[in-house]
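We count residues from 1, following the sequence as given.
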Amino acid sequence: MNDGAAIAGLGMTELGRVYGRSPRRLAADAVRAAVDDAGLALGDLDGLLVSHGLGGSPGIELADTLGLRDLRLLTQMNSFGATAGAMLSYAAMSILSGAATTVACVFADAPLKPKQSAGSAYHRDAPEWYGFGGMTAALGFRSVNAFYALAAQRHMAHYGTTSEQLGAIAVSTRDWASRNPLAQMRDPITLEDHQNSRWVAEPLHLLDCCLVSNGAIAVVVTGADRAADLARPPVHLWGWGQGHPGHRKERGSAFGLSTGAAASGPVAMKMAGITTGDVTQAQLYDCYTYTVLVSLEDYGFCGKGEGGAFAASGALGPDGPLPTNTGGGQLSGYYMWGMTPVSEAVIQARGGGGDRQAANDVILVSGNGGILDHHATLILSPHRKGA
């Protein structure tokens, strides 16, 4: 039954420094575009799964904005960057069980404000800290950048990973972005450019860190048989899985050394009936170059501690054996949490990648959330499983 669900529509608003629309309005625009892309009407939706980033409004308000009534499935979800993969898996399971027939999954956010730096876009007032979390805050760990820098530093200390190896990921990702007209950063970069970019939180340079974007992306999921008769080529969901390690940042934990990909990857690949050797391209969540490197290891594309050498070999670029983040990812393309890799996977599966089109028989998609606390994996293909 697992190939009985497919992505039938994709909707994307303008992405980047897009002002004047709230997350709810952006989400509504993306859902309308996805429904239109599928050749459906809004009234065909009986399910709506919503992720509004760190802001926005409840899903019922988006349903009201869209004029949707009597939905059979409606919820707002937040596993941070893992939310998109989780939404698609829940949509597929709802369709397979008969709980719904046509489900829109949407992410929207608008953290950027006019005349505001990207670095302050996600700034929030300091929360009231308790327990162990209060100790880390007292030591200065009060930002996402700081915690990911700590994770990357631990990987380096344990495995000998180098900044230059992280830089290889930034360079290959920008190479892909140069071929994507939707990418925000398209000028090629070199390893020297990476090394000379300013520190954000050592060992992370500016070019190790993702962009910040306003906008929204939505997909429509329905039954595979129905999708085959709609306007666009269906993208079949072969498998999915989740992993939520919730690493405590203390002695004896695996923080920085592994992610939920180690749990979610085998589940998704077993469901799809594949191994890593069958994957023809990967769309990996890249809030930082480090997350790409550690995900490659945890999925089994290389051994633990070998992610740096694997990336430095050129394996991820346009001429490599594992084309990865072909749209420029979040490092150079656009930052829409887990919908960034999902949207590029849909474009690639449909054969719409243009100059960046890669082999698309089996596409692995990842989402990473929190500070390595959540992970979601999808296996997508333009073919029905077994066809």
Side-chain angles (χ1 to χ4, degrees), residues 1-12 30-31 33-40 44-45 47 49 83-96 100-107 180 182 216-241 268-269 271-274 278-285 323-327 329 333 336-354 356-367 376-387:
M1 292 176 60
N2 291 330
D3 71 336
I7 299 168
L10 171 66
M12 303 169 67
V31 170
V35 168
D36 185 64
D37 183 60
L40 295 169
D44 292 315
L45 295 178
L49 301 179
T83 310
M87 285 196 296
L88 265 71
S89 67
Y90 292 143
M93 288 187 282
S94 297
I95 289 161
L96 293 174
T101 67
T102 314
V103 181
C105 304
V106 60
F107 170 85
N180 181 7
L182 295 179
I217 298 177
V219 295
V220 173
V221 182
T222 189
D225 288 339
R226 184 184 188 201
D229 295 328
L230 295 178
R232 302 300 303 273
V235 179
H236 298 276
L237 286 99
W238 281 12
W240 50 82
M269 285 187 265
M271 186 184 298
I274 67 161
D278 299 307
V279 174
T280 52
Q281 64 170 271
Q283 305 298 336
L284 302 182
Y285 193 88
T324 297
N325 294 344
T326 54
M336 287 284 106
W337 283 20
M339 276 297 185
T340 297
V342 166
S343 62
E344 179 63 13
V346 172
I347 291 168
Q348 287 281 326
R350 289 175 168 181
R356 68 185 192 278
Q357 182 64 46
N360 63 358
D361 289 335
V362 180
I363 305 173
L364 184 146
V365 181
S366 80
T377 303
L378 301 171
I379 308 296
L380 306 181
S381 176
H383 315 296
R384 295 192 77 146
K385 190 162 61 173

Could you go through the side chain to side chain contact (heavy atoms under 4.5 Å, CB included) check for L364 and I379 one step at a time? CA-CA 5 Å; L364 184 146; I379 308 296; 4.0 Å; yes
L88 vs V219, side chain to side chain contact (heavy atoms under 4.5 Å, CB included): CA-CA, chis, key distance, verdict: CA-CA 9 Å; L88 265 71; V219 295; 3.7 Å; yes
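For the atom pair L378 CG and Q283 CD, the distance stands at 11.5 Å (nearest 0.5 Å).
Residue pairs that meet the side chain to side chain donor-acceptor pair (under 3.5 Å) test with at least one member in residues 220-231, sequence neighbours left out, are T102-R226, T222-R226, D225-R384. Sorted by first and then second residue, the side chain to side chain donor-acceptor pair (under 3.5 Å) pairs involving residues 83-94 (not counting sequence neighbours) are Y90-Q242. Applying the side chain to side chain donor-acceptor pair (under 3.5 Å) rule to pairs touching residues 338-354 yields D37-R350, Q281-Q348, T326-E344, T326-Q348, Y334-S343, E344-Q348, E344-R356, Q348-Q357, sequence neighbours excluded.
When side chains are defined from C-beta on, V31 does not count as touching V220, because their heavy atoms never get closer than 4.5 Å. Inter-residue side-chain proximity for V103 and L45 is flagged as unmet; no heavy-atom pair is nearer than 4.5 Å. L380 has its side chain within reach of I7: a pair of non-hydrogen atoms, C-beta onward, lies under 4.5 Å apart. Using a 4.5 Å heavy-atom threshold, the side chains of I217 and F107 count as separate. Annotation: side chain of L237 is in contact with side chain of V221 (closest heavy-atom distance under 4.5 Å). Two residues are said to be in side-chain contact when any heavy atoms from C-beta on lie closer than 4.5 Å; W238 and I274 meet this criterion. Side-chain contact check for V235 versus P382: every heavy-atom pair is 4.5 Å or farther apart.
Across L230 and A8, no two heavy atoms sit closer than the pair CD1-CB, 3.8 Å. Across all their heavy atoms, A84 and V342 have their closest contact at CB-CG2, 4.2 Å. Summarising the geometry of C105 relative to A91, their closest heavy-atom pair is SG-CB, 3.9 Å, with the distance given to 0.1 Å. The shortest non-hydrogen separation linking A224 to A6 is CA-CB, 4.1 Å. Here the closest non-hydrogen pair linking G11 and A33 is CA-CB, 3.7 Å.
Without hydrogens or angle criteria, S366 side chain to Y285 main chain gives a donor-acceptor distance under 3.5 Å.
Residues satisfying the side-chain contact (heavy atoms from CB on, under 4.5 Å) test with A282, not counting sequence neighbours, are L284, L322, T324. Remark: A216 engages T13, L26, A30, A108 in a side-chain contact (heavy atoms from CB on, under 4.5 Å) (not counting sequence neighbours). Applying the side-chain contact (heavy atoms from CB on, under 4.5 Å) criterion to D361, with sequence neighbours excluded, gives T280, H383.
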